Amino acid sequence: MRNIACLLVASLAAGCATFADDARVRRQAESVVWGAMAAPAPELRVTATRIAADVADPLLDRGLGVRLGDPSPFVRATAAAALVRDPAAAVAVLRDVLDGKDADAKVIAIDAIAALDDGKSRLPALAAD
């Protein structure tokens with residue numbers, strides 16, 4: 001799934017698709033990522049959330065906010081790290097993840113620790129975790 005979405009997005013970025021095909025290919029890529037962001041498997045949701053975070057696509061960016069409430073801490077942390085441009089939506093999730101018990105989710109959330117006003121003071125405790 002990720003390979004297909006990346007291939008479609010890469011072909012758009014590289015200019016391999018003709019102008020007429022551009023919109024169709026973009027819709028297909030967005031559909032693949034949107035579908036995966038709502039998949040039952042957390043692994044697919046986190047992969048799709050990473051793709052949405054990495055690709056500069058306003059339609060996909062709108063789906064990241066919903067992922068802040070995802071049951072998987074990996075997905076929540078990935079979405080929060082991607083949404084640091086909107087600290088009001090992401091800071092609370094980042095704090096919860098960093099204060100939580102899921103070490104793997106903390107590793108993801110630490111990428112956005114600079115968005116927290118007390119981020120620097122949290123580093124020693126996280127390093128010892």
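Quick caveat, the model's predicted, so the values are computed rather than measured. Quick note: residue numbers are just sequence positions, from 1.
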Side chain of [X], backbone of [Y]: donor and acceptor closer than 3.5 Å?
{"X": "Arg45", "Y": "Ala36", "value": "no"}
{"X": "Asp102", "Y": "Ala105", "value": "yes"}
{"X": "Lys106", "Y": "Gly100", "value": "yes"}

Heavy-atom side-chain contact between [X] and [Y] under 4.5 Å:
{"X": "Ile113", "Y": "Leu94", "value": "no"}
{"X": "Asp70", "Y": "Thr78", "value": "no"}
{"X": "Thr49", "Y": "Phe74", "value": "no"}
{"X": "Ile108", "Y": "Arg50", "value": "yes"}

* Hphob cluster co-occupancy, Leu123 + Leu116, side-chain heavy atoms under 4.5 angstrom ->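 Yes; Leu116 is reachable from Leu123 via cluster members.
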* Asked: Among the clusters formed by ILVMFWY side chains lying less than 4.5 Å apart, do Val93 and Val46 turn up in the same one?
  ->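 In one cluster: no.
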* **Interatomic distance, Asp96 atom CG to Arg76 atom CZ [nearest 0.5 angstrom]** =>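 Between atom CG of Asp96 and atom CZ of Arg76 there are 7.5 Å.
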* Asked: Any ion pair linking Arg95 and Asp99 (charged N to carboxylate O, less than 4.0 Å)?
  ->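 Salt bridge between Asp99 and Arg95, a charged N being under 4.0 Å from a carboxylate O: no.
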* To do: Test side chain to side chain contact (heavy atoms under 4.5 Å, CB included) on Val32 and Ile51 and set out the steps.
  => CA-CA 11 Å; Val32 169; Ile51 291 170; over 6 Å; no
* **Closest non-hydrogen atom pair, Gly63 against Arg67** =>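 Closest approach of Gly63 to Arg67: O-CG, 3.4 Å.
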